[in-house]
Amino acid sequence: MMEKPDLLSFTREQLRDYAVSIGEKPYRGDQIFSFLSRGVRYEDMTSLSLALREKLEAETEFRLPTVLTKKRSRDGLTEKYLLSLIDGECVECVLMRHDYGTSLCISSQVGCRMGCRFCASTLAGKVRDLYPSEMLGQIIAAGNDSGERIDKLVLMGIGEPLDNYDNVVKFLRILNDKDGIGLGLRNVSLSTCGIVPGIEKLAGEGLPVTLSVSLHAYRDDVRRKIMPIAKKYPLDELLAACRLYFDRTGRRVSFEYTLIAGENDSREDAKGLCRLLREKMGVASHVNLIPLNRVEETGFSAPAPEAAERFAAILRSEGQNATVRRSMGADVDAACGQLRRSLQNKGKEL
Ligand code: SAH
């Protein structure tokens with residue numbers, strides 16, 4: 001339980017109310033909101049009176065993560081951060097420099113309880129949810145450290161965003177505020193393993209984020225073998241929710257498909273995937289193929305190097321829009337949860 005108010009998790013309206021509640025004018029709330037979004041420490045908020053700065057310091061909490069370690073890929077394009085939260089837990093985020101701009105992949109929980117069999121983030125279960133401030137804090141910390149402006153954000157790091165629904169939605173609203181970080185939500189992708197009620201609810205929030213759904217199989221039996229969530233929400237229900245998301249938001253849904261050797265990478269799988277998406281989604285979908293980043297403990301193997309392109313070619317020949325995710329930063333353990341995992345394996349000596 002948190003005792004002190006966590007101001008970076010406040011919307012601008014909440015900060016105005018807070019300012020009034022401590023005897024200040026509402027516009028002070030706007031000022032504080034904009035300072036916090038840039039990671040300005042209380043002592044440096046010099047347009048506030050010293051008395052107010054001291055009060056904020058004493059009575060509130062500023063949950064800004066700090067950089068514990070960072071690793072840069074050999075090509076210099078990827079920066080992987082391990083960040084420490086104020087209770088000593090840690091999460092990862094990954095900054096990637098593309099020709100179209102800089103993207104940042106952030107975490108939504110400390111650990112994950114979804115149990116996908118091939119994923120490093122979930123091996124030790126979930127520790128706790130992240131607060132909005134700790135998701136914003138990853139953008140602030142990586143932005144300040146790298147000096148880069150973040151153009152695109154993906155919620156594809158550690159954790160299942162729709163298993164931390166309220167904090168994630170609040171985070172998106174604060175992120176979008178033009179007096180704060182001000183990132184347009186069309187530049188944000190949220191990735192889910194397929195929590196159907198969460199997708200349905202998100203469709204009604206009026207937040208135009210791109211929904212990415214981790215499909216990984218076109219058949220329920222194959223999907224259940226690699227993703228426990230598939231036992232709860234079969235493909236029929238999942239794709240109906242995706243269709244609803246498209247109908248409500250007008251945003252084309254993106255499907256992630258991690259290729260795992262011998263599990264879901266055959267020609268038949270590619271054809272089955274096309275059939276399924278055509279039937280359930282019409283033209284409203286995009287497939288993003290991800291060659292498995294092998295995680296030692298899981299026992300699954302990556303497909304042959306050319307397998308992803310071959311799979312993509314079949315999808316395209318069937319008229320299905322598809323891309324292969326460029327494997328960036330494999331030399332910095334950039335796959336989900338690998339850096340935090342390697343820290344855990346070292347016995348947390350840091
Ligand atoms: N919980 C969310 C977001 C986190 S993971 C979700 O499941 O979508 C982001 C994507 O990476 C998901 O599609 C996930 O299945 C995939 N992924 C996880 N571990 C992977 C690995 N070792 N290799 C390739 N893809 C992986």
Side-chain angles (χ1 to χ4, degrees), residues 80 91-94 96 103-126 129-130 135 138 153-165 167-168 188-196 198-199 202 209-217 222-230 232-233 238 241-242 245 253-261 263-265 273 286-303 305 307-308 311 322-330 332-342:
K80 176 133 192 179
V91 290
E92 307 172 0
C93 65
V94 185
M96 287 160 281
S103 72
L104 185 71
C105 172
I106 65 164
S107 298
S108 57
Q109 296 177 315
V110 180
C112 182
R113 61 187 183 122
M114 295 297 123
C116 298
R117 304 263 183 262
F118 48 85
C119 177
S121 302
T122 197
L123 286 168
K126 179 183 111 170
D129 289 329
L130 292 187
M135 291 179 256
Q138 294 172 63
L153 187 78
V154 293
L155 273 158
M156 286 185 190
I158 298 172
E160 166 51 46
L162 298 184
D163 186 41
N164 183 17
Y165 188 91
N167 285 327
V168 165
V188 177
S189 293
L190 182 153
S191 178
T192 175
C193 64
I195 299 183
V196 168
I199 296 173
L202 191 67
V209 297
T210 300
L211 180 69
S212 289
V213 174
S214 300
L215 204 58
H216 305 333
V222 178
R223 199 161 182 267
R224 278 195 296 264
K225 198 175 148 201
I226 53 178
M227 303 176 76
I229 194 73
K232 200 156 176 193
Y233 306 111
L238 176 57
C242 293
Y245 192 85
V253 177
S254 179
F255 292 95
E256 290 153 288
Y257 195 101
T258 291
L259 287 161
I260 309 174
E263 300 289 334
N264 63 359
D265 61 341
L273 179 62
H286 175 88
V287 173
N288 191 4
L289 297 168
I290 318 171
L292 180 78
N293 225 313
R294 204 176 94 84
V295 175
E296 193 142 318
E297 295 96 318
T298 66
F300 290 116
S301 312
F311 201 93
T323 45
V324 177
R325 185 180 295 175
R326 246 191 324 152
S327 165
M328 291 183 84
V332 287
D333 290 338
C336 238
Q338 287 189 346
L339 194 60
R340 177 169 175 266
R341 179 79 193 151
S342 63

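As the structure is a computational prediction, the values presented were derived from the model and not from experiment. Whatever order the structure lists them in is the order used to number ligands and atoms, beginning at 1.
Contact analysis puts G157 in contact with ligand 1, with a non-hydrogen atom separation below 4.0 angstrom.
Under 3.5 Å, the side chains of E160 and S108 contain no donor-acceptor pair of N or O atoms.
Listed by chain and number, the residues in a side chain to side chain donor-acceptor pair (under 3.5 Å) with Q138 amount to none (sequence neighbours excluded). Partners of F311 by ring-ring contact (aromatic ring centres under 6.0 Å, His included), not counting sequence neighbours, listed by chain and number: Y257.
T122 approaches C116 most closely through the heavy-atom pair CG2-O, 3.4 Å. Smallest separation of non-hydrogen atoms from I199 and A241: CG2-O, 3.7 Å. The two residues I260 and N264 come nearest to each other via the heavy atoms N-OD1, 2.8 Å.
For atom 14 (C) of ligand 1, the nearest non-hydrogen atom from the set H216, M156, E256 comes from H216. Atom 1 (N) of ligand 1 has its nearest heavy-atom neighbour, among C105, S214, G159, C193, in G159. The option from V213, T298, T192, T258 that lies nearest to atom 16 (C) of ligand 1, judged by heavy atoms, is T258. Of the listed residues (S191, S121, P291, A302), the one carrying the non-hydrogen atom nearest atom 2 (C) of ligand 1 is S191.
In I158, neither the side chain nor the backbone holds a heavy atom less than 4.0 Å from any atom of ligand 1. At a heavy-atom distance under 4.0 Å, only side-chain atoms of V295, from C-beta outward, approach ligand 1.
Ligand 1 places these atoms under 4.0 Å from at least one heavy atom of C119: 18 (C), 19 (N).
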